[in-house]
Each structure stands twice: as structure tokens, then as C-alpha cells.
Amino acid sequence: MADLKVYNTASGVKEAFTPVDEGRVTMYVCGPTVYNYAHIGNARPVVVFDCLYRLLSARYGNVVYARNITDIDDKIIQAAVERNCDIGEVSREFTTAYREDMALLNALPPSIEPMATEHIPEMIALIERLIERGHAYVEAGHALFAVESMPSYGALSHRNLDDMLAGARVKVASYKRHSGDFVLWKPSSPAEPGWESPWGRGRPGWHLECSAMIRAHLGESIDIHAGGRDLIFPHHENERAQSCCAYDDDFVRYWMHNAYVDMDGEKMSKSLGNVRTVRELGGSYPGEVMRFALLTAHYRSPLNFSVEVLNSAQDALDAFYGALRPHTGIDPAELNAVDTAVYGALLDDINTPEAIATLYAAAKTLNKASDTKAIADAKAELLVGGTLLGLLSEDPEAWFQRGVGQEGPTAGEIEALIQERLLARSSRDFDRADEIRQMLEEQGVLLDDGPDGTQWRRRG
RNA sequence: GGCUCGGUGGCAGAGUGGUAAUGCAGCGGAUUGCAAAUCCGUCAACGCCGGUUCGAUUCCGACCCGAGCCUCCA
């Protein structure tokens, strides 16, 4: 069996993937800070690494996939202040929204979804251990990690402390011994949420939770740690520092990072007003269309999101569902995920564009297939391969009729018009037939005349 | 300034030391009452300059252009 290759940020090259324990593969993806809705850029790592999760599950069976929820953070505190409510209210609301949005994108729920606030004791213990070992110190109510205590600090992000000093743009807090030192624990004012600790009432630094939760749920050394490119520094570098210095193990074998999603050629940002949430786009496009759009570029390449990208994703899925539609009566052949062309493509560092290309090939084969076996085989390739990508999970008929009746004609009215048009055609009244077709098209319903009658589908 | 990553046909987007996937768009054809969908065929690309090599889009170097990170933004 061919093996999986993944690009490891730490080494800068594609490496053959070998898990610590083939019977229990572990992966951790940095999840959201729950203070607002997830945008389409937030969705990219979720969708991409969901494909990896599916791939690993097909290959190894038992995969433990953890994705955290950061439910304590200054942004959440700020949101709670603005809304004059408890931080729990903010984090609960957006955690629920996040789960709904990711489900809309066909992302499988992770095996574990640890919450930061439920791991405060583990975080405190981790800090104590770092202090004991001389990697952290307490100053002015803060616990800080001493970056100079770790010779390999910077190895993941390929930078060194001197470079960081040279590039420092931010005023260094006076309590830091080195400008690169980062907060493990910070004091909370009486008005701010906090937990008691040996260093006073306060709250954890952002990097700490992942280190603590990985240790608690996945173990001392995990196979894959993934997230967006922007997390490489400082977040993952600091996580690595915390975990490696607290314990003498490898921590992470493969670091994987996805590139950004731009919007219409520009970085998504609030100031540009071009942030598009999954929730908002979901009002106009099915989840699978958004998902497909996110998979059209390789995960390490920037993806320029736009309505054009979404529309072409829609067209592509229409073509696949269109190939499946005439064959609902024939069951797909037996096919293991690992025997699909999609699987083969994904083995090469999650090459989703290549995987999608194999889907087109399968759809073409299916369109040309005439005998039952060929149809069953092609269907299997399309559906099993599609499942590996988290696509083609819907009933073809439902896919094409989605949203019908909400505005415009109902399915029954459409059927009645099709019958009327059929009569007109049989009496060679093509003017009337074309009139009906034109009228439906104006209402977003397209008619396809085939040898077995007329089918309709919803457009856009 | 430091570090990282890119520049492939009209567009999107893979890939490779030996004549560059796939999709959309275009063009021609089959099919259709006409369409649509589908099928068949077809046009068309590796930023620039050097180097290594029998041979480079692919490796190395310079340059131009673009993106990202540099203390809590996926």
C-alpha cells in the first residue's frame, strides 16, 4: 500500500508519515476562540484537516482527533463586557454556532473537543513544572516563559531570538526578562474572570491551553498538529516550547499549516469589510458548495475566494450529482475507501485538486456507462471517493430541488407545467413548449429533455 | 530589516530532470423539434536573466513582481 506523505512545517519538506502507534493515530487541530461567527477562512483548516482525518481513519482505523474550543480569552471578555453578560454566555452561544457551521460544511465532529476552562488545573500544573525546571518565572503577578532557557526556541518557525529582537515592533513589558518571553498566566482584575493560582487570581495565556489539553487527552507525543499558517508563530512555537520543556518528549511529529483564504484578492479583514462568515454564505450556497470551493486549491496555497469560485464549485457539484441522478436505482459496487483514486491523490500531502480531478474522471465514466456493472463501479468510485472528501453526501434529486417552493413555483406546479409542455410538444406546439420552458427558466428552474422524459433542476 | 512562501494557457488550478493533469470559458461535431445536459474532437501556458545538465518549467544563483509572519489574527 502506498504511504501518506505530508509536508512538515518543521522540516520544510514532504515526509513519509509514520505514526507513533498505528493502532491509535493522534491529531490535534487548533479550534476557534468563540467570540464571533466563523468566517470562510476559519473554515479552511477545519475542512482540509477533516479530509486528513477521513484519510487517516480509512488507512489506520483508530484516529483520535482533538479540536479545542478556546472559551477564555481577552476577546471573549471584551465581547461579554460589550454585551453586559457573562463570558460563558458568549462562549456557549458561539460554540454552538461553530458546531452548526462546521456541520454544514460536512466536517465530522472531532473525537474530542476540549474546552480551555475545563483544564485550568492541568494548565497550572504545567506552569509549576516549567518553573521547577527553570523554564519559567513569576514577575508582577505574571508567569512567563523564558525563551532563552530553550536552545531550540524558534526551530519550528525557522527564526532565532536575535532576528526577533531585530524585528521587534512592540514595546516590551517591563516585567519580561527577554522581549520574546510570553505569558503563561496573567492576573485578572476583580471585574475580569479568573481562577485562583499559586500566583494569584488570574487566567491562562493563550498558548498554554493547547499544551495542557494535548497532554491530557492525546498523550506525550502526538502525530499531527495542524492549523492555519499564522499560528506557526508565535502560537505553535510557544506551544512547542511549553510542552518540550515541561516534558522530555517529541511533542509533535508532523506540523501542518494551511495557507490563507483571501476575499476578492484581498486579505479578509474587518477594516476592509470583506469578511464573509460561513453562516452568511450558507444562506446562498449549500454547505457542500462552500466545502468544494475550499478544496479546489491545495491547502498550502493561498485560496482566493469569490462568488466566481463558489459558482464554479456549484457547477462542478451539479455535474457530479447530474451523473448520479439517472442511476439512483443501481446500488454502488463494493469499494473500500483506500482503493479509490481520491485516496491515492490525497496520499500526496492531501492533494485535493488532484482528488477532485479523479472525481471528474469518475463522473465521465459514469455518464458513459451503459451496463449495470459499469454503472455500479463508477458510482462507487464517485461516492466513496466523494465521501473521503466529504462531498456528494446528498440525494441527487434533493440536491437539484433544493430551495424550491421557498420562492417561485412549487414542485407540484413545476410538474404540472412539465406535463402541459409534454402535451404541447407531442402536438408539435413548440411555441407553447418553449414558452413554458422560458417561463420556468426565468424563475430559476431549468428543464432537461431526455429520452426518458423531462427532468428539472433548480438553478443557482 | 529578519524569516517563510509563491509567480503555469483567457480564468481556476495540479504536476514533473526528458516533449505540462483537471475544470470553466472558446471553437468544431454528435445528440435534440430547438435547447439544456451529456459525449467526441480541438485551440491555448511554465515571470526575467544566467549556471549545472545530453536535456530545466522542474535543481542552483541573481533580478523583477506578489503574499504572509515577526508576541495572542485560521
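Chain naming here is simple, since letters A, B, ... match the order of the sequence lines and numbering starts at 1 in each.
Within residues 368-383 of chain A, the residues having any heavy atom closer than 4.0 Å to RNA chain B are, in order of number, A/Lys368. For RNA chain B, the residues of residues 356-363 of chain A within the heavy-atom distance limit of 4.0 Å (strictly under) are A/Ala357, A/Tyr360, sorted by number.
Within the nucleic acid shown, A/Leu446 has no heavy atom closer than 4.0 Å to any nucleic acid atom. Note on A/Lys267: a base of the nucleic acid sits closer than 4.0 angstrom, heavy atoms only. A/Gly41 comes within contact range of at least one nucleobase, with a heavy-atom separation under 4.0 Å.
The shortest distance between the side-chain N/O atoms of A/Tyr260 and the OP1/OP2 oxygens of B/C69 is below 4.0 Å. Between A/Lys186 and the phosphate of B/C72, there is no side-chain N or O to OP1/OP2 separation shorter than 4.0 Å.
Residue side chain A/Asn238 does not reach the base of B/C72 through any donor-acceptor N/O pair under 3.5 Å, judged by distance alone. In this model, no side-chain donor or acceptor of A/Arg229 finds a partner on the base of B/C69 within 3.5 Å.
The aromatic rings of A/His235 and A/His207 are tilted relative to each other, their planes meeting at an angle between 30° and 60°.
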Subject >> Nucleic acid footprint by protein, nucleotides 12-20 of chain B - heavy-atom cut-off 4.0 Å, B for base, S for sugar-phosphate alone >> reply: -SSS-----
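When the side chain to side chain contact (heavy atoms under 4.5 Å, CB included) test is applied to A/Thr9, the partners found at least two apart in sequence or on another chain are A/Leu156, A/Ile232, A/Trp255, A/His257.
With a 3.5 Å limit on both pairing distances and Watson-Crick or G-U wobble geometry required, the stems of 3 or more pairs in RNA chain B span B:1-7 with B:64-70, B:10-12 with B:22-24, B:26-30 with B:38-42, B:49-51 with B:59-61.
Rounded to an integer number of Å, the gap from CH2 of A/Trp206 to P of B/C72 is 9 Å.
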Under 3.5 Å donor-acceptor pairs involving side-chain atoms of residues 372-388 of chain A, not counting sequence neighbours:
{"residue": "A/Lys373", "atom": "NZ", "partner": "A/Asp377", "partner atom": "OD2", "Å": "2.6"}
{"residue": "A/Lys379", "atom": "NZ", "partner": "A/His327", "partner atom": "O", "Å": "3.0"}
{"residue": "A/Lys379", "atom": "NZ", "partner": "A/Ile330", "partner atom": "O", "Å": "2.7"}
{"residue": "A/Glu381", "atom": "OE2", "partner": "A/Ala341", "partner atom": "N", "Å": "2.7"}
{"residue": "A/Thr387", "atom": "OG1", "partner": "A/Leu383", "partner atom": "O", "Å": "2.7"}

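Comment: A/Arg159 does not engage A/Glu237 in a salt bridge, judged by the lack of any side-chain N to carboxylate O separation of less than 4.0 angstrom.
If you take atom P in B/G55 and the same atom in B/U22, they sit 30 Å apart, rounded to whole Å.
Side chain of A/Asp181 to backbone of A/Val147: a donor-acceptor contact under 3.5 angstrom is found.
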